[in-house]
Amino acid sequence: MDKEQNLQNSLKNNPDERGHFGKFGGCYVAETLMPLILQLEEEYEKAKNDENFLRQLSALNASYAGRPSPLYHAERLSQELNGAKIYFKREELNHTGSHKVNNCLGQILLAKRMGKNRIIAETGAGQHGVATATVCARFGLESVIYMGATDVKRQAPNVFRMKLLGAKVVPVTSGAGTLKDAMNEALRDWVTNVENTYYLIGTAAGPHPYPAMVRDFQSVIGKELREQILDIEGKLPNAIVACIGGGSNAIGIFHEFLDDKQIALFGAEAAGYGLEVKNGHAASMSGGRPGVLHGNRTYLLQNDDGQILEGHSISAGLDYPGVGPEHSFLKDSGRVNYVPITDEEALEAFQICTKLEGIIPALESAHGLAQVLKLAPKMDKEEIIVLNLSGRGDKDVETVAKYFGVEF
Amino acid sequence: MNNRIKASFDKCANENRAALVTYIMAGDPDINTSQEIVNKLAEAGADIIELGMAFSDPMADGPIIEAAGHRALKNGLTLEKTLNMVENFRQHNNETPIILMGYYNPIYIYGVEKFLQKAKRVGVDGLLIVDLPSEEDEELCVPALEKNISFIRLVTPTTDNIRLKTILKNSSGFIYYVSMTGITGANINDYEKVSKNVTEIKQQTDLPVVVGFGIKTAQDAQKIAQYSDGVVVGTVLVRAIENSLKEGKATKETINAPLNIVRSLSEGLFRKEQKNKT
């Protein structure tokens, strides 16, 4: 009886059968896409209960992506902050340099199952584009990556990587030429080529079943963390921190621990120039309100007329006016604390991590790290805080140099 | 069914022709010019007017209609002002049906109940909301039907028979068949398939079936008019408006640019053969 009640109260049961996380989520797409989305949902339900599929995915995770990713004690950073013991879950060591590959491997196996031979994806920082191009190369599938023209410029090395991997990179010039515009264009491609094309969405957003599916593929992060931390420390952490753009790395590490209520969960949103600067940030939960975009209801940056704003972040991967619907739900339910981190704070964390730990974090992950810098000093030495170090920062070196006025 | 919509299709059927459904973006390039175009559309030959509600992120539209929406927004259009345009139109015209077409978020933010009340009051006859499939009927479709505002749905080449039944369930006014998998403004490649699919849909419903997406010339329209109850033209009119602009602003040609096209299209919608209604 108690167990049954616990199950009912669990935060891990979402979404419902129609893709709702409380009032968020759902399936708001053009009719042309509905038959395919229903088919995808059906196919995913089958796949996730198919031992063969799961075994194949697990084997690829191990031998191709390099999982499990290590859990690393950031000793010098812990000493410097003189508070909690800090661990990094090192997703940046995965093949392609971020957590994105976890989701791409899962979805590419699904696309194969569905007989789709053309893969499209949107990308902001280029991490998801690179991961998609990579798995497409691995499985011999055609890939077309939509990327905002602004991002193509600020992430040039990733663009070249994608091309090397055989992908066609399409720069999108509408709007501000960032992630939102790339997603619009990918949806247009999908509506046009729905027969043979699989849309490999990179974050835990979009129409049902994507938010749940991407979360499931990313949940490997949290599951590994539980085992690793128990193994090393013999207890669970006191706090877990991750950055939030669409929020796939965050939901991937949070989901496993949603019912461990004693663990504080923190999502670091991109506050750009500051929440008070109009259209100067990309913190959709701290500075936006619920609306409907890209297939789901979620917190969005928008004006009073329901028009979507562009947002700003120094990090191309966080520069999106929305967030995955499960995060909106977790915000309203109070389970996760979503906090704004400015460009400046992220840049400072970026440098501290590089100097003290010899790890160059992605600017996205540096937002999470900035929150760790705020929390750790206030915690006891026996307490443990884990950062999801979701990506490596090689791709950001140019952006950071430019910020400090260094020209190559 | 909504009276204006029904009366319009009945009239066309009596004249043995397809209805001409015209789409323009409300407030493009500015509210006054757009208002004047809308006010003159019926006289030029439009049987039903679809008025686009501008949205920053129109995922199902091509670049021409996207640009029109952005022009309108830049020049101060809001959802409130779009509804005011309908109110103004109704002062001169009480017959021609007005369908508002767009995306859900601006309506959601305006408030569904407030939106439907005002829409009803100003004389909106139907809504076509691209990103509200039947799965989300409770959001807007059901409340709209309760106010006798039609909810028009898209049927597409990817719609199978089972899905068609789901779509038809809460459909009203008419059915909008999308001639292709794609965005507005692309080309129709397979007219035979369009004809076959429209015929199949008509076997499943008594609602009129109109065809849209990809109809650019009088010849295109005439082909489609032979077997459908209506022909939708949008991108071609919006492009005419765009081409008439100078530095993004209306010129003296702007108002007549789309109207001339409507005039020429409206002549090509008569059916060559008497339709066998049994």
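Chain letters run A, B, ... following the sequence lines, proteins first and then strands; every chain starts at 1.
The distance from atom OG1 of B:Thr158 to atom CD of A:Glu195, rounded to the nearest 0.5 Å, is 7.5 Å. In this structure, B:Ser56 OG and A:Asn184 CG are separated by 8.0 Å, a value rounded to the nearest 0.5 Å. To the nearest 0.5 angstrom, A:Arg297 atom CZ is 7.5 Å from B:Glu136 atom CD. Here the straight-line distance linking atom CG of A:Asp305 with atom CG of B:Leu77 works out to 7.5 Å at 0.5 Å rounding.
Between A:Leu38 and B:Arg163, some side-chain heavy-atom pair lies under the 4.5 Å cut-off. Taking the side chain as every heavy atom from C-beta outward, B:Phe55 and A:Ile308 approach each other to under 4.5 Å. In this structure, B:Glu135 and A:Met34 have side chains that are in contact, with non-hydrogen atoms separated by less than 4.5 Å. A:Met183 places none of its side-chain heavy atoms less than 4.5 Å from the side chain of B:Met59.
The contact between A:Ser174 and chain B is made entirely by side chain atoms (from C-beta outward), counting heavy-atom distances below 4.5 Å. Residue contact with chain A, scored on non-hydrogen atoms closer than 4.5 Å, involves the side chain of B:Leu73 exclusively. The contact between A:His294 and chain B is made by backbone and side chain atoms together, counting heavy-atom distances below 4.5 Å. For a residue to count as touching a neighbouring chain, one of its non-hydrogen atoms must lie under 4.5 Å from one of that chain's; by this rule B:Ala54 touches chain A with the backbone only. Using a 4.5 Å cut-off between heavy atoms, B:Ile162 does not touch chain A at all. Neither the backbone nor the side chain of A:Pro207 comes within contact range of chain B, judged by heavy atoms closer than 4.5 Å. Both the backbone and the side chain of B:Pro58 come within contact range of chain A, judged by heavy atoms closer than 4.5 Å. With a 4.5 angstrom heavy-atom cutoff, B:Asp160 does not touch chain A via any of its atoms.
Counting heavy-atom neighbours within 6.0 Å of A:Lys153 NZ, excluding the residue itself, gives a total of 12 or less. In this structure, A:Glu42 places its CD atom where only 12 or fewer heavy-atom neighbours from other residues, nucleotides or ligands lie under 6.0 Å away. Dense packing is recorded around NZ of B:Lys147, with more than 12 heavy atoms of other residues, nucleotides or ligands lying under 6.0 Å away.
For A:Thr32 (side chain) and B:Thr181 (main-chain N/O), no donor-acceptor pair under 3.5 Å exists by modelled atom type.
Residues passing the side-chain hydrogen bond (donor to acceptor under 3.5 Å, both in side chains) test with A:Arg289, sequence neighbours excluded: none. Looking at residues two or more places apart in sequence or on another chain, you find a ring pair (Phe, Tyr, Trp, His ring centres under 6.0 Å) between B:Tyr104 and B:Tyr108.
Using a cut-off of 4.0 Å between Lys/Arg side-chain N and Asp/Glu carboxylate O, A:Arg188 and B:Glu66 are scored as salt-bridged.
Considering all non-hydrogen atoms of both residues, A:Val191 and B:Gly182 come closest at CG1-O, 3.2 Å. Shortest non-hydrogen contact noted between B:Pro133 and A:Cys27 is CG-O, 3.3 Å. Contact between A:Gly291 and B:Asn105 at its shortest, heavy atoms only, is CA-OD1, 3.1 Å. Here the shortest heavy-atom pairing between B:Ile109 and A:Asp304 reads CG2-O, 3.4 Å.
In terms of heavy-atom pairs under 4.5 Å with chain A, the best-connected choice from B:Asp61, B:Ile107, B:Ile129 is B:Asp61.
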